[in-house]
Amino acid sequence: MEKEVFIPLDYDYIDINDSAVIRIWGKTKDGRRICVIDETDAYFWLIPKAKTDLKKYAEKVKKIQLKHAGRLARVLDAKIKEKNFLGEKIEALQVFVSNPKDISAIKDIAKEFPETEGKKETDINFVTRYIIDKKVEPLEFYVVEGKKYEKEELKALKWNYDVDIVIKAEKISPIQEKEFSPKVLAFDIETDEFEIGKGHILMLSLANKQVQKVITWKKFANAPKEVEFVKNEEELIKRFVEFVKEYKPDMLAGYFSDAFDLPYLRMRADEYHINLNLGLDGSNVTFIRGAIPSSEIRGLVHIDLYKFINNIFAYTLQSETISLNDVAKELIGDKKLEIDLNKITKELKETKGELKEAELRRFALYNLQDSILTSKLFEKLWPNIAELSKVVKEPLFETSRATYSNLVEHNIIHNLGRFDEIIQSRPKFDQINERKMRPKYTGAFVKEPIPGLYENIGVFDFRSFYPNIIVSFNIADYTIHERKEKNSLEVPEFEFEGKKRKFYFSKDKAFIPQILQELLEKRKQTKAEMKKNYSSALEAKDYALKTLANATYGYFGFFGARYYSLECAAAIAAIARHYIHKTIEDIEKQGFKVMYADTDSVMFILGKKSENNALELLKKINDSLPGTMELELENFYKRGLFVMKRTGELGAKKKYALMDEKGNIKIRGFESVRRDRCDLAKDTQDVVLKKVLEDKSEEALKYVQKIVKELREKKVPNDQLIIKTQLKKEIEAYENIGPHVVVAKRMRELGLPIKEGALIEYVIAKGNEKLIRERAKLPEEVKAGDYDIDYYINNQVLPAVESIFSVFKISVEDLKGKKQKQLKDF
DNA sequence: GATCCGAATATACC
DNA sequence: ACCGGTATATTCGGATC
């Protein structure tokens with residue numbers, strides 16, 4: 001018996017003699033590549049109808065067999081087992097089958113049996129099944145004991161694996177080991193045509209901390225040392241494959257590489273009949289279809305950072321877009337090399353592929369820089385991806401491409417074993433459509449603020465409000481009762497689907513609240529550890545736990561969820577409304593004036609009371625809260641500003657600015673934090689807000705008057721006037737043609753690649769056309785000073801500051817600077 | 001042809 | 001299609017006078 005300590009990085013399964021075996025691709029402690037071969041049962045569950053003779057049923061099921069996919073698909077065994085399913089104890093049939101790929105065909109036969117009530121877990125991926133049942137989880141260290149395959153055996157099996165060890169596992173046991181740091185190559189290609197299948201790959205770059213390389217067949221003099229020339233595109237692809245094989249990375253990282261770099265490489269490789277056999281088993285790059293396809297390399301984890309950022313991480317970013325450039329700027333303080341890619345593409349077309357040497361040199365450096373950025377981004381995001389993968393126990397490939405609902409669901413699924421719970425099925429197409437049709441339920445409460453500038457403000461908020469409600473009220477689909485039972489938790493009455501409803505939740509802990517509670521406890525531990533001994537891995541772990549906890553409420557209301565329950569989502573929101581209202585009352589009863597509240601937070605004026613008085617009240621409120629619910633002090637603020645809505649006489653919700661004791665300013669909802677306003681309007685509003693909070697309103701007024709004057713005098717540079725609006729759908733799909741749609745059309749005419757999702761930039765130029773969109777132009781089409789003065793004064797700058805000044809009863813006319821009024825005139 | 005108002009749209013908050 | 005509802009503001013586009 002031989003032993004190795006290893007860490008799983010990737011999983012897949014293959015057939016040996018018609019039955020499936022798992023391959024775990026990983027790394028040994030000392031850095032050798034290993035492929036661990038292991039087995040696990042392929043099975044699903046049959047739920048029998050009431051009063052079924054289970055033994056007879058089992059015998060009948062055992063006899064199922066059919067020809068399927070060129071082999072005999074058959075049931076190996078059917079065991080009667082006591083299981084839990086959504087709060088019920090049931091007897092179910094565990095149906096073991098010859099191959100996981102046969103489950104679908106076998107269940108089709110079994111579901112026609114009159115005894116069959118339903119089938120479950122037919123939609124569990126075999127790798128997920130393996131991880132659940134064998135508990136060999138990604139990125140944890142294990143000792144594998146077993147027999148290593150000899151060279152001759154591998155040859156006989158035709159397993160020409162690019163690994164150091166192939167071992168047949170007999171026992172795999174967990175072991176404590178230090179952090180793992182993967183060997184990663186970031187890569188990026190440059191082409192002469194953006195569309196896959198049309199053009200050629202001109203260059204390809206690879207980078208990490210040690211490696212910086214550009215491979216190209218476009219020759220030029222005085223090439224930087226990183227550049228390696230090859231004869232042609234075919235050689236470029238071959239050299240790439242050769243380099244990766246020699247370098248032996250654990251992972252390849254790209255940016256949008258799922259849908260661009262790898263499909264492009266594969267397409268070109270196919271053209272030359274080159275096998276892009278990067279897979280550790282010698283397999284080609286494969287594609288998994290989806291809204292954006294995924295590109296997979298067996299055993300060599302391919303991570304598309306764009307997908308991770310797009311699906312998960314973008315919500316924590318400030319960047320206006322999630323382009324490589326914007327994200328790199330924000331996360332690693334580095335940016336792309338500036339070149340005019342459109343110009344280069346155009347020149348390449350016009351000159352039949354010839355570029356000036358200087359241009360090529362710069363193009364190569366640009367290509368390299370993209371890989372360097374991707375590599376640095378990987379370093380930055382790796383802890384987050386790794387911790388998420390460890391928490392939800394799904395392989396890196398899946399986790400790095402997961403959406404919030406995927407993560408929540410995987411976390412649930414991987415924890416159900418200890419509850420002896422059969423996994424609920426994914427909803428079918430019709431079910432999804434039904435769910436989509438259901439009306440929305442009432443969500444959070446937002447209190448209307450009274451506009452004004454306030455002093456000495458306290459802000460309380462509930463710690464992880466919704467997750468703690470789910471835990472404290474034991475909320476799950478099957479703990480809901482419409483009638484009070486003994487030991488049930490009462491939820492305040494609320495309206496749901498047009499009717500007054502009252503729900504009760506039983507106290508027997510359901511698995512989702514239980515799993516969530518554990519998640520919250522783990523997070524508490526992580527936070528405590530972090531305080532003692534900070535590390536970026538701990539912070540990433542905290543991020544992973546927080547992400548999962550916060551997405552659970554939304555998961556209940558998501559139509560694609562296995563554990564969908566709109567009633568639960570509505571009940572959670574109703575409980576939240578109840579407690580925020582109660583908190584407002586409690587605070588007001590103590591003599592504080594509450595001027596604003598949104599979902600889980602309350603803002604109040606201290607008035608004659610002290611911060612200590614507020615903290616005493618906080619303690620008192622906490623003593624009255626059920627379960628794990630807790631109200632926290634968010635902060636005390638020196639000043640706060642609330643404004644009126646533009647239409648009507650009401651205070652504007654979700655719009656405020658606060659300044660703490662240190663002078664730090666927190667702005668929410670105002671135009672200055674929105675990307676669809678021009679910088680001039682945003683910056684002006686920012687200055688005004690700051691000055692107002694610093695009690696320098698007169699300076700603010702003068703500042704606006706100065707800006708308006710500059711606008712009138714055509715002194716404002718165009719880049720301050722660019723408005724950015726995202727094209728959210730296909731150009732043709734718009735019913736209302738807004739300015740950005742017109743500009744997108746224009747860009748398309750100019751041959752610029754415009755797709756939905758693009759951030760369209762435009763300037764409103766001077767002109768007599770009535771509609772704004774008729775004056776919307778591409779920034780480069782507007783000469784300096786040729787902007788529409790009135791538009792920028794009346795539609796951009798003034799609306800952004802008007803509501804702020806109206807708090808001080810200063811009108812638009814004053815802002816325009818005609819009357820030159822001073823604040824003290826009022 | 002000016003004006004009013006609702007729908008469509010984009011984006012933010014929690 | 002890929003977690004939820006609440007909310008504001010802007011522009012269009014049709015109805016109305």
Side-chain angles (χ1 to χ4, degrees), chain A residues 290-292 307 310-312 315 318 320 401-409 426-427 429 432-433 435-436 438-449 461-462 464-466 547-561 563-566 568-570 572-574 576-577 580 596-602 634 643-648 650-656 666-677 681 723-729 733-742 759-760 764 770-776 791 794-796 799-800 802-803:
Chain A
I292 298 176
K307 221 171 227 169
N310 186 47
N311 290 345
I312 304 292
Y315 295 84
Q318 312 287 304
E320 283 188 342
R401 287 165 178 79
T403 59
Y404 283 115
S405 68
N406 290 154
L407 293 175
V408 171
E409 197 155 276
R426 267 195 222 110
F429 185 76
I432 288 177
N433 285 335
R435 291 175 179 186
K436 281 187 191 165
R438 292 180 75 173
K440 282 190 173 188
Y441 60 89
T442 311
F445 169 70
V446 188
K447 185 179 162 66
E448 187 205 322
D461 60 12
F462 281 94
S464 301
F465 198 24
Y466 285 28
T547 302
L548 274 172
N550 287 344
T552 306
Y553 155 71
Y555 173 81
F556 274 121
F558 169 52
F559 54 78
Y563 295 101
Y564 169 86
S565 172
L566 208 60
C568 285
I572 295 161
R577 290 195 301 274
I580 205 71
Y596 184 58
D598 184 351
T599 312
D600 60 351
S601 71
V602 184
E634 196 267 334
V643 300
M644 208 98 94
K645 284 208 284 188
R646 258 181 89 65
T647 51
L650 301 171
K653 298 170 179 180
K654 299 192 185 282
K655 263 184 113 166
Y656 59 85
K666 186 169 161 178
I667 298 171
R668 290 291 120 96
F670 275 105
E671 285 81 350
S672 74
V673 296
R674 292 179 64 97
R675 73 171 176 194
D676 57 351
R677 281 279 174 154
I723 300 162
K724 299 171 188 172
T725 313
Q726 196 185 11
L727 194 70
K728 303 272 276 188
K729 45 188 176 184
Y734 281 88
E735 283 181 56
N736 262 15
I737 313 295
H740 70 299
V741 183
V742 171
L759 193 65
I760 309 294
I764 304 302
K770 190 172 171 264
L771 291 174
I772 294 162
R773 67 167 176 229
E774 292 168 308
R775 283 170 279 146
Y791 174 83
N794 298 320
N795 295 39
Q796 287 280 327
E802 223 183 310
S803 62

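Letters A, B, ... mirror the listed sequences (proteins, then strands); counts begin at 1.
In this structure, of C:dC3, B:dC13, B:dT11, it is B:dC13 that holds the atom nearest to the side chain of A:R668. When each of C:dA9, C:dG5, B:dT11 is scored by its nearest atom to the side-chain atoms of A:Q726, the top-ranked nucleotide is B:dT11. Closest to the A:N736 side chain, of the nucleotides B:dT9, C:dT6, C:dT10, is B:dT9. When the nucleotides C:dC12, B:dA10, C:dA9 are ranked by their closest atom to the side chain of A:H740, B:dA10 comes out on top. When the nucleotides B:dA8, C:dT6, C:dG5 are ranked by their closest atom to the side chain of A:E735, B:dA8 comes out on top. Nearest to the side chain of A:Y734, among C:dA1, B:dA10, C:dG13, sits B:dA10. The A:R675 side chain lies nearest to B:dT11 when the options are C:dT6, B:dC14, B:dT11. In this structure, the nucleotide among C:dA9, B:dA10, C:dT6 sitting nearest to the side chain of A:T725 is B:dA10. Distance from the side chain of A:Y441 is smallest for C:dG4 among the nucleotides C:dT6, C:dG4, C:dA9. Across C:dT11, B:dT11, C:dG4, the shortest atom-to-atom separation from the side chain of A:D676 is found for B:dT11.
Rounded to the nearest Å, the gap between the P atom of B:dA10 and that of C:dC2 is 15 Å.
Put simply, A:S405 has a side-chain N or O that comes within less than 4.0 Å of OP1 or OP2 on C:dC3. Using a 4.0 Å cut-off, no side-chain N or O of A:Y656 falls inside it from OP1 or OP2 of B:dA12. Considering only side-chain N and O atoms, A:Y564 lies nowhere under 4.0 angstrom from the phosphate OP1 or OP2 of C:dC2. At the phosphate of B:dT9, OP1 or OP2 sits under 4.0 Å from a side-chain N or O atom of A:K729. Within the structure, a side-chain polar atom (N or O) of A:K645 is placed less than 4.0 Å from OP1 or OP2 of C:dT8. Of the side-chain N and O atoms in A:R773, none sit less than 4.0 angstrom from OP1 or OP2 of C:dT11.
Between the side chains of A:D598 and A:S601, not a single donor N or O lies within less than 3.5 Å of an accepting N or O.
When heavy atoms are screened at a 4.0 angstrom cut-off, A:N406 is found touching no nucleic acid atom at all. A:G554 comes within 4.0 angstrom of a nucleotide base, judged by non-hydrogen atoms across all strands. Among the protein residues, A:A444 comes within range of the sugar-phosphate backbone only, with heavy atoms under 4.0 Å from sugar or phosphate atoms but none that close to a base. No contact: A:R577 has no heavy atom under 4.0 Å from any strand.
In this structure, the side chain of A:R773 engages the main chain of A:I737 through a donor-acceptor pair within 3.5 Å.
For the atom pair A:D676 CG and A:Q726 CD, the distance stands at 10.5 Å (nearest 0.5 Å).
Between the side chain of A:R674 and the base of B:dT11, a donor-acceptor pair under 3.5 Å is found.
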